[in-house]
Amino acid sequence: MGKFNRYLITAALPYANGPVHIGHLAGCYIPADIYVRYLRAKKADVKFVGGTDEHGVPITIKAMKEGVTPQDIVDKYHKIIYDSFTDMGISFDIFSRTTKQVHHETSAAFFKTMYDKGLFEEKVTEQFYDETAGVFLADRYITGTCPKCGNPNAYGDQCEKCGSSLSPDELINPRSTLSNAVPVKRQTKHWYMPLQNYEPFLKEWILEGHKEWKNNVYGQCKSWLDSGLQSRAMTRDSNWGIKVPLPDAEGKVLYVWFDAPIGYISATKELTENWADYWCKEDTKLVHFIGKDNIVFHCIIFPAMLKAHGGFVLPENVPANEFLNIEGDKVSTSRNWAVWVHDYVKDFPDQQDVLRYVLTSTAPETKDNDFTWKDFQQRNNSELVDIFSNFVHRTMVLMHKLCGGKVPAFHPEVKDEKDDAVLTNLLASKQKIEDSIENFRLREALAEVIEVSRQGNRYLQEKEPWILAKNAEENQKLIDNCLHLCLQLTANLAILANPFLPFTAKKICHMLKVVDRMLEWENAGSLKLVSVGYSLRPPEYLFTKIDDVKIQEQIDKLHAGLVKPVTPAEAAAPEAKEVKEEIQFEDFAKLDLRVGTILEAEKVPKADKLLKLLVDIGTEKRTVVSGIAAHFAPEEVVGKQVTLVANLAPRKMRGIESQGMILMAENAAGKLVFVNPDAAVDAGSEVR
RNA sequence: UGCGAGGUAGAGCAGAGGUAGCUCGUCGGGCUCAUAACCCGAAGGUCAGGGGUUCGAAUCCUCUCCUCGCUACCA
């Protein structure tokens with residue numbers, strides 16, 4: 001810790017156009033929170049700041065599409081994101097927003113200072129403009145036909161079909177994705193920051209001064225610096241954002257990446273009037289926790305800005321994590337391939353620490369990693385429950401059974417080397433955990449916490465107090481020593497686990513009837529944490545097993561939620577349909593609706609829309625031909641539960657007899673969604 | 001295309017010239033206080049592949065393959 005007297009820890013500002021998913025948590029919020037909780041336990045002077053990033057073009061576009069204001073969008077997602085973090089125990093000292101007054105003032109002043117120092121270049125360029133929507137268009141919001149392969153849906157920056165990178169000029173028949181209008185070129189003036197001027201400083205500071213940064217971070221920075229930096233526009237044409245604080249700058253706002261990192265500064269200002277201590281004093285350690293997509297902004301652009309402005313400390317480390325995949329596929333918010341935090345909290349109430357544990361032990365620290373529900377279950381069941389929780393539980397049970405529910409005394413006259421080893425091992429583990437956390441190796445640190453409880457289990461096994469109890473009178477001192485040490489070890493586990501599993505640490509404190517102050521880090525390694533003679537509460541489970549059904553539900557939910565992105569052309573105006581003629585219950589009762597599970601799926605040859613499905617309805621398996629091929633790939637639907645009309649007369653399509661019909665909901669744009677049970681039920685269940 | 005990171009037991013990771021290691025899973029044994037838990041033991045690897053340097057290579061050099069990211073308007 002050494003030369004630093006205070007810490008400022010930031011976690012990337014989530015963009016307020018959607019909720020947060022577990023990839024966000026694993027990438028930076030949980031690591032940051034662990035680090036911060038550890039520092040607080042060490043009684044360090046630390047502030048943990050964050051907030052939502054609420055400017056930028058994507059928010060204005062989302063608002064436009066939904067027919068609401070950008071403010072409506074950011075209000076909605078700020079709340080969802082804030083609640084997700086609070087629920088998961090991410091312990092921000094402040095979680096602010098970039099739309100706040102203090103942030104607008106801070107960012108504008110930052111820009112103005114740089115402007116007054118003459119650090120910007122003014123350039124007039126031609127940009128594409130959508131006259132219908134009244135906005136300038138980023139390259140990716142222009143589509144057209146690819147000049148290389150003829151793909152009619154190539155983006156202005158890249159054709160996803162042939163992979164060639166493009167500029168909007170090259171597209172044949174360019175269209176705005178917002179209004180379908182033909183974009184026209186317009187002149188516009190912007191302020192550029194000549195990043196190349198900061199190259200020598202950045203090279204010296206990172207390449208020479210921070211060789212200890214993680215491989216992925218250092219390598220990425222080196223790559224950028226070696227290939228040479230260029231001027232980059234720090235303003236945009238928009239009416240949503242921070243107005244450029246200059247006369248003659250109507251319709252110009254700060255580039256969202258210029259203002260977002262300044263959000264860390266504004267949030268600190270909002271938090272404390274001593275904010276300058278954390279930003280301007282050299283003995284502050286500033287650490288940015290981010291995902292790998294943010295490396296360039298936090299390691300190159302923001303430090304260059306801080307340096308240009310002057311008077312600020314620079315980040316001491318930027319421990320960026322890689323990405324977390326879900327069940328083997330990249331997270332995709334547009335396809336809804338994600339595990340949303342607000343869903344998890346609802347589906348697994350009071351089990352935040354399970355997710356914190358799994359995401360930490362499988363964190364993508366050195367390379368992309370995969371989250372699977374099976375792995376989630378297994379880590380919970382065999383590590384948290386079997387090893388960690390079970391050690392605490394058997395300690396408590398034995399103490400109640402063999403020591404009258406009170407902390408037994410320790411009798412030095414009968415101790416042996418195994419008793420001594422408990423302390424030696426504990427101290428070694430504490431040291432190891434400290435080293436690991438301070439070097440951002442959180443997986444390793446957490447594994448060591450589990451190792452402490454494993455040692456506890458081993459110690460109990462060797463001592464066998466339940467055997468000693470058969471001769472309780474002559475062995476009571478040995479029993480006392482064993483359980484005394486196990487109880488002290490349990491208390492120590494609470495301290496060591498606290499940064500990672502804060503909810504669990506509190507539960508242990510409750511069971512042991514100790515105050516939360518015991519969790520201070522300096523107490524780790526003490527064997528005097530629970531007092532002799534003190535009567536303790538009855539044992540309770542810290543973690544419980546998660547069964548296969550629960551896991552399968554989540555897997556089903558993930559697949560059921562999968563959607564194909566709707567292209568703007570499909571999002572036509574809704575067309576209201578009249579409700580059909582009234583029927584009687586008897587008419588309805590003629591329908592035999594069953595829940596089935598799709599076992600197999602394949603495309604029907606020479607038919608664009610048809611999939612041939614094999615559906616298990618419990619009593620039998622049906623072949624069903626369904627017109628959903630344009631919406632779902634065969635592999636997407638296998639394993640899905642569906643609602644089947646089981647008594648519909650069979651009908652031949654393309655030579656295949658379809659023995660039923662699958663219910664689908666269709667929106668105005670023609671997008672299809674399966675109508676299926678809210679939770680997994682047995683195949684063949686009746687629908688009424 | 002260029003650059004960066006990564007590829008080690010079924011899974012997740014460690015090792016950076018000297019007998020390939022850890023956790024989970026699997027198999028066998030022990031134990032019974034404990035949530036079918038715990039403890040002990042075993043099996044399981046051409047260290048992505050080829051070529052080279054070296055007495056000796058997972059480790060150094062070189063070429064190839066695969067995954068992911070960045071390539072400057074995806075916040």
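Chain A is the first sequence line, chain B the second, and so forth, proteins listed ahead of strands; every chain is numbered from 1.
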Nearest-Å distance, [atom1] ([X]) to [atom2] ([N])?
X: A:Leu195; N: B:U71; atom1: CG; atom2: C1'; answer: 15 Å
X: A:Gln378; N: B:A37; atom1: CD; atom2: P; answer: 11 Å
X: A:Leu398; N: B:U35; atom1: CG; atom2: C1'; answer: 14 Å
X: A:Asp386; N: B:C38; atom1: CG; atom2: P; answer: 4 Å
X: A:Phe391; N: B:A37; atom1: CZ; atom2: C1'; answer: 14 Å
X: A:Lys222; N: B:C3; atom1: NZ; atom2: C1'; answer: 10 Å
X: A:Phe376; N: B:G12; atom1: CZ; atom2: C1'; answer: 16 Å
X: A:Asn457; N: B:C40; atom1: CG; atom2: C1'; answer: 14 Å

Is A:His78 close to A:Phe95 at the side-chain level, that is, under 4.5 Å between some pair of heavy atoms?
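Touching, per the 4.5 Å side-chain cut-off.
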Presence of [X] side-chain N/O under 4.0 Å of [N] phosphate oxygens OP1/OP2:
X: A:Lys545; N: B:A36; answer: no
X: A:Asn369; N: B:C13; answer: yes
X: A:Arg458; N: B:C40; answer: yes
X: A:Arg232; N: B:C73; answer: yes
X: A:Arg443; N: B:C13; answer: yes
X: A:Asn215; N: B:G4; answer: no

Under the side chain to side chain contact (heavy atoms under 4.5 Å, CB included) test against A:Leu324, which residue among A:Leu359, A:Leu25, A:Val339, A:Asp368 passes?
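Single pass found, and it is A:Leu359.
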Under the side chain to side chain contact (heavy atoms under 4.5 Å, CB included) test against A:Phe500, which residue among A:Ile450, A:Val449, A:Ile30 passes?
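Among the candidates, only A:Val449 passes.
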Say you pick atom [atom1] in [N] and the same atom in [M]; how far apart are they, in whole Å?
N: B:C22; M: B:A9; atom1: P; result: 15 Å
N: B:A57; M: B:C47; atom1: C1'; result: 11 Å
N: B:A5; M: B:G50; atom1: C1'; result: 23 Å
N: B:G45; M: B:G10; atom1: C1'; result: 12 Å
N: B:G41; M: B:A36; atom1: P; result: 25 Å
N: B:A43; M: B:U53; atom1: C1'; result: 36 Å
N: B:G44; M: B:G6; atom1: C1'; result: 24 Å
N: B:U1; M: B:A11; atom1: P; result: 29 Å

Please determine if [X] and [Y] form a salt bridge, counting it only when a charged side-chain N lies under 4.0 Å from a carboxylate O.
X: A:Lys189; Y: A:Glu122; answer: yes
X: A:Lys463; Y: A:Asp416; answer: yes
X: A:Asp130; Y: A:Arg186; answer: no
X: A:Asp480; Y: A:Lys406; answer: no

Does [X] reach a base, just sugar-phosphate, or nothing at all? Heavy atoms under 4.0 Å.
X: A:Phe297; answer: nothing
X: A:Gly328; answer: nothing
X: A:Thr372; answer: nothing
X: A:Lys401; answer: sugar-phosphate
X: A:Thr362; answer: nothing
X: A:Val397; answer: sugar-phosphate
X: A:Ile467; answer: sugar-phosphate

Cation over ring, A:Lys292 on A:Phe323, under 6.0 Å and within 45°?
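Because its charged atom sits under 6.0 Å from the ring centre and within 45° of the axis, A:Lys292 does stack over A:Phe323.
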Testing the 3.5 Å rule here: is there a donor-acceptor pair between the side chains of [X] and [Y]?
X: A:His104; Y: A:Asp259; result: no
X: A:Asn321; Y: A:Lys214; result: yes
X: A:Asn216; Y: A:Glu322; result: yes

Taking for each residue the nucleotide of RNA chain B with the nearest heavy atom, is it A:Pro364 or A:Val57 whose nucleotide lies nearer the 5' end?
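Whichever sits nearer the 5' end wins; that is A:Pro364.
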5′-ward residue of the pair A:Gln127/A:Thr544 relative to RNA chain B
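In this pair, the answer is A:Thr544.
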For RNA chain B, the expected dot-bracket line (Watson-Crick or G-U under 3.5 Å, [ ] crossing, | inter-strand) is .(((((((.[[[[.)..(..]]]].(((((.......))))).....[[[[[..)....]]]]])))))).....
Stepwise side-chain hydrogen bond (donor to acceptor under 3.5 Å, both in side chains) check, A:Gln127 with A:Thr188
CA-CA 7 Å; A:Gln127 302 261 320; A:Thr188 179; over 6 Å; no
With no angle test and no hydrogens, is the base of B:C33 tied to the side chain of A:Glu464 by a donor-acceptor pair under 3.5 Å?
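Looking at the base of B:C33, it does not pair with any donor or acceptor on the side chain of A:Glu464 (distance under 3.5 Å).
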Identified salt bridge (charged side-chain N to carboxylate O under 4.0 Å, His left out) partner of A:Asp386 from the options A:Arg394, A:Arg379, A:Lys545:
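Only one of A:Arg394, A:Arg379, A:Lys545 forms a salt bridge (charged side-chain N to carboxylate O under 4.0 Å, His left out) with A:Asp386, namely A:Lys545.
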Strictly under 4.0 angstrom, non-hydrogen atoms only: write out the protein contact profile of nucleotides 63-70 of chain B, one letter per nucleotide from the 5' end, B, S or -.
-----SBS
Closest approach of A:Val397 and A:Pro539, non-hydrogen atoms and distance?
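Closest approach of A:Val397 to A:Pro539: CG2-CG, 3.8 Å.
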Contact list for RNA chain B against residues 445-456 of chain A - heavy-atom distance below 4.0 Å
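Within residues 445-456 of chain A, the residues near RNA chain B are A:Arg454.
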Would the distance check show the side chain of A:Arg236 and the main-chain N or O of A:Gly56 forming a donor-acceptor pair, the cut-off being under 3.5 Å?
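No; zero donor-acceptor contacts below 3.5 Å.
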Choose from [options] the nucleotide whose nearest atom is closest to any side-chain atom of [X].
X: A:Lys367; options: B:C73, B:U23, B:G7; answer: B:G7
X: A:Tyr255; options: B:C38, B:A72, B:C73; answer: B:C73
X: A:His393; options: B:A34, B:A72, B:C13; answer: B:A34
X: A:Gln461; options: B:U32, B:C33, B:C73; answer: B:C33

